[in-house]
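So the structure is just underneath, and the comments pick up after that.
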Number of protein chains: 2
Amino acid sequence: MKIIHTADWHLGRILNGKSLLEDQSHILNQFIDKMNDEKPDVIVIAGDLYDTSYPNKAAIQLLENTINTLNLEMNIPLVIISGNHDSKERLNYGSKWFEKSQLYIRTSLEDMCYPISIGNIDFYTLPFSTVNETSYFFNDKTIETHQQAVNKSIEFITQNINENKVNMLVGHLTVQGGIRSESERALTIGTVESVAENSFQQFDAVLLGHLHHPFSINSNVIHYSGSLLQYSFSEATQPKGYRVIEVIDHKLKNKFKPLTPLRQLEVIEGDYEDAIQEKLDIKDKNNYLHFKLKHMSHVSDPMMHLKQIYPNTLSLTNSSFEFNTPLHHENIEIQKLDDKTIINKFFENMTDETLTSIQNNKIGKVLNHLLEGDQTK
Amino acid sequence: MKIIHTADWHLGRILNGKSLLEDQSHILNQFIDKMNDEKPDVIVIAGDLYDTSYPNKAAIQLLENTINTLNLEMNIPLVIISGNHDSKERLNYGSKWFEKSQLYIRTSLEDMCYPISIGNIDFYTLPFSTVNETSYFFNDKTIETHQQAVNKSIEFITQNINENKVNMLVGHLTVQGGIRSESERALTIGTVESVAENSFQQFDAVLLGHLHHPFSINSNVIHYSGSLLQYSFSEATQPKGYRVIEVIDHKLKNKFKPLTPLRQLEVIEGDYEDAIQEKLDIKDKNNYLHFKLKHMSHVSDPMMHLKQIYPNTLSLTNSSFEFNTPLHHENIEIQKLDDKTIINKFFENMTDETLTSIQNNKIGKVLNHLLEGDQTK
């Protein structure tokens, strides 16, 4: 049995104002070509097929065309779960018809006890759920953390597990110690979202989505496939591809196989003049570039000048003034921050931009209005 | 062979700010019950399944649940085309899988030559298309009217028609002389949209959507099923339901069967005091009501007082000041109107409201900006 593991396609993703649809279409065509060679028994897509819960037509068509080729034309069974970026209802649309062709789209906790059997493998599905959703599903108010939610779900799943089978869990979550990237939207704000590595002992393999680095976790059992493409400049050095898992009897082998994107992401540091004179070390002028440059305060519209040479420049920071900011903020004691600071930090995390003073003023007004409104109740 | 003909479900429709989803869910449950009795060989839905090209989750789920019950649980083949309110791409999503269960969703002109065969009937599909789309599809710039577009399409379809079969056309268009209602959004602005009744002579039956009155056309061949519900107060006296077409050899019988809505629409005329004292003739206090009342200029917030008695009052006009406005504006010579007037009339047609002076000013500014922009080119 050969299983292909992929995740975090994020179709419709826009990076610094640039739609990555062409890049996504290119890489999915390449993925389809590889599948022609691999001839897998099943492909697992572990969540975040779309970048947004309201994907545009082009993203929807790209997903439909891709799964149509893989499933209906190449007759490959697909196991798909929803991630934190997907709308459960939208991703799930049509799934009752799809199952007849072994295209399994699982977005609901209810299905977790019903494994999808392909060959001698039982795939258990754990689509992304908030802690509240899990607490509501089990009608158990003691569930207050992702760890408790996952523990309860796995306990529930494994009540009826068939130990003669190879049992795999497909999930969309963060495992403790996993390498993080900027394009993974936080699962929850203000609580620890990660789950201990030893939570999954009943499974022969755990195929995960959410973390974008394909080697996020060093484990023989728990695997992240990583995302389809580099989706933030923090991923600029990460390989992207898919994972092949081969099961012979009860023995598992796994291997990561890279794909070649249309354009890579690169972070370029140096002097502005050197960039303009093409003296900096850049892999490909057409790559998506984030310049961190010095000595450009005298230049008017440096971005325009850079784009004339490097058309896909997406970001420019003046590194003379750069501060060191931590990549992730999990350890900030959120309860000690005031409302405005929390909103500011959230906005920065989500957009890589800071709020303008006009935006800040508006937020101040809205906050005042809301808080005054509360007092009158 | 028994064919059920329905159309213009407009799921997600909001009437004067009120979501009709509960009414739509009620009527579709009733429709499903009737189908249990009717046991049809096929159900035809002739366009405008959704009210908008970007339907919300609840509307999508209602459609999916309904067609799931009809198609997968009751095993009834469905023939569906897109109307002018539907997004072709969104409605079409998943159709390649659906066809395996005889759920045919056709949104593209390309399919018009490939009939859907069920029993001895060939269904040809003509989803809604703009004149430009048809002109582009045939690469024929002489196509400038709906009549020419339909002529060309039918000529193309009937090249290979099998005359031994019963041939039916499923379309979404306006036939000349058809009774119009306010909730049918105009197919085009500024051109005649209707098509002559004699355009369809090659077909044994023409099952149409778009016009909301089930008896829009007096014909033995051309049928409108009418909409699922009363969707504007101009439809308040119209029956709503579905049509049953029975085919025995090459003979066709057809019959309209009404459904009973949760609430009807009623237009109530009279004196304000009589309304408040419940002296006016109203079928059901819970119906969706449009009051046209006299003698209420002395009352502050008459709508609030009416809603306390008639909770689903959706509209109130002061009939002392009412003007007679024509229901449709097809004959206005649009080229003689200035830009602002066209925009105003369009807004009125679409929303039943008039632009405020602030909105009018903004539009003026945008128009100036656009026109000045053009001159600088």
Side-chain angles (χ1 to χ4, degrees), chain A residues 9 11-12 19 21 25 32 43 45 49-50 52-80 82 85-108 110-111 116 127 133, chain B residues 9 11-12 19 21 25 32 43 45 49-50 52-80 82 85-108 110-111 116 127 133:
Chain A
W9 289 9
L11 302 185
S19 162
L21 206 79
S25 177
I32 287 168
I43 298 172
I45 315 178
L49 283 86
Y50 293 119
T52 145
S53 62
Y54 230 157
N56 65 27
K57 286 181 193 176
I60 292 172
Q61 285 189 309
L62 179 56
L63 180 66
E64 188 183 13
N65 290 341
T66 304
I67 59 176
N68 175 46
T69 305
L70 294 170
N71 180 250
L72 287 186
E73 293 176 16
M74 295 164 66
N75 288 310
I76 305 170
L78 299 182
V79 173
I80 294 173
S82 49
H85 284 244
D86 300 308
S87 153
K88 289 172 190 283
E89 295 82 358
R90 283 178 208 280
L91 190 64
N92 189 53
Y93 177 79
S95 59
K96 291 207 178 75
W97 288 267
F98 298 158
E99 290 212 356
K100 292 175 180 283
S101 308
Q102 289 196 289
L103 164 55
Y104 303 94
I105 299 186
R106 293 281 184 89
T107 63
S108 158
E110 286 162 42
D111 296 322
I116 297 156
E133 282 167 343
Chain B
W9 288 9
L11 301 185
S19 163
L21 206 79
S25 177
I32 287 168
I43 298 171
I45 315 178
L49 282 86
Y50 293 119
T52 144
S53 62
Y54 231 157
N56 63 28
K57 286 180 193 175
I60 292 173
Q61 285 189 309
L62 179 56
L63 181 65
E64 188 183 13
N65 290 341
T66 304
I67 59 177
N68 174 47
T69 305
L70 294 170
N71 179 249
L72 288 185
E73 293 176 15
M74 295 164 68
N75 288 311
I76 305 171
L78 299 182
V79 173
I80 294 172
S82 49
H85 284 244
D86 300 308
S87 154
K88 288 172 190 283
E89 295 81 359
R90 284 179 207 279
L91 190 63
N92 190 54
Y93 177 79
S95 60
K96 291 207 179 74
W97 288 267
F98 299 158
E99 289 210 357
K100 292 176 181 282
S101 308
Q102 290 196 290
L103 164 56
Y104 303 95
I105 299 186
R106 293 280 184 90
T107 62
S108 157
E110 286 163 42
D111 297 322
I116 297 157
E133 282 167 344

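Here is how names work: the chains are called A, B, and so on, in the same order as the sequence lines, proteins then strands, and each is numbered from 1.
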Just by distance, no angles: are the side chains of B:Trp97 and A:Asn71 close enough, under 3.5 Å, to form a donor-acceptor pair?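 Indeed, the side chains of B:Trp97 and A:Asn71 share at least one donor-acceptor pair under 3.5 Å.
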Interface moiety of A:Glu64 toward chain B, non-hydrogen atoms closer than 4.5 Å: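 For A:Glu64, backbone and side chain are both near chain B.
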Quick check on A:Lys100 against chain B: is it the side chain, the backbone, both or neither that has a heavy atom closer than 4.5 Å?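 When you check distances to chain B, only side chain atoms of A:Lys100 fall under 4.5 Å.
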Just so I understand: if I count every heavy-atom pair under 4.5 Å between each of B:Ile60, B:Leu63, B:Leu72 and chain A, which residue has the most?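 When all of B:Ile60, B:Leu63, B:Leu72 are compared, B:Leu72 has the most.
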List the steps and the verdict of side chain to side chain contact (heavy atoms under 4.5 Å, CB included) for B:Asp86 and B:Thr107. CA-CA 9 Å; B:Asp86 300 308; B:Thr107 62; over 6 Å; no
Report which part of B:Leu103 has an atom under 4.5 Å of a heavy atom belonging to chain A: side chain, backbone, both, or neither.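 Side chain only.
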Using 0.5 Å steps for rounding, measure from the CG atom of B:Leu78 to the CD1 atom of B:Ile43.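 CD1 of B:Ile43 is found 5.5 Å from CG of B:Leu78.
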A:Tyr93 vs B:Phe98 aromatic rings, parallel, tilted or perpendicular, using cut-offs 30° and 60°?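 Geometry flag for B:Phe98 against A:Tyr93: perpendicular rings.
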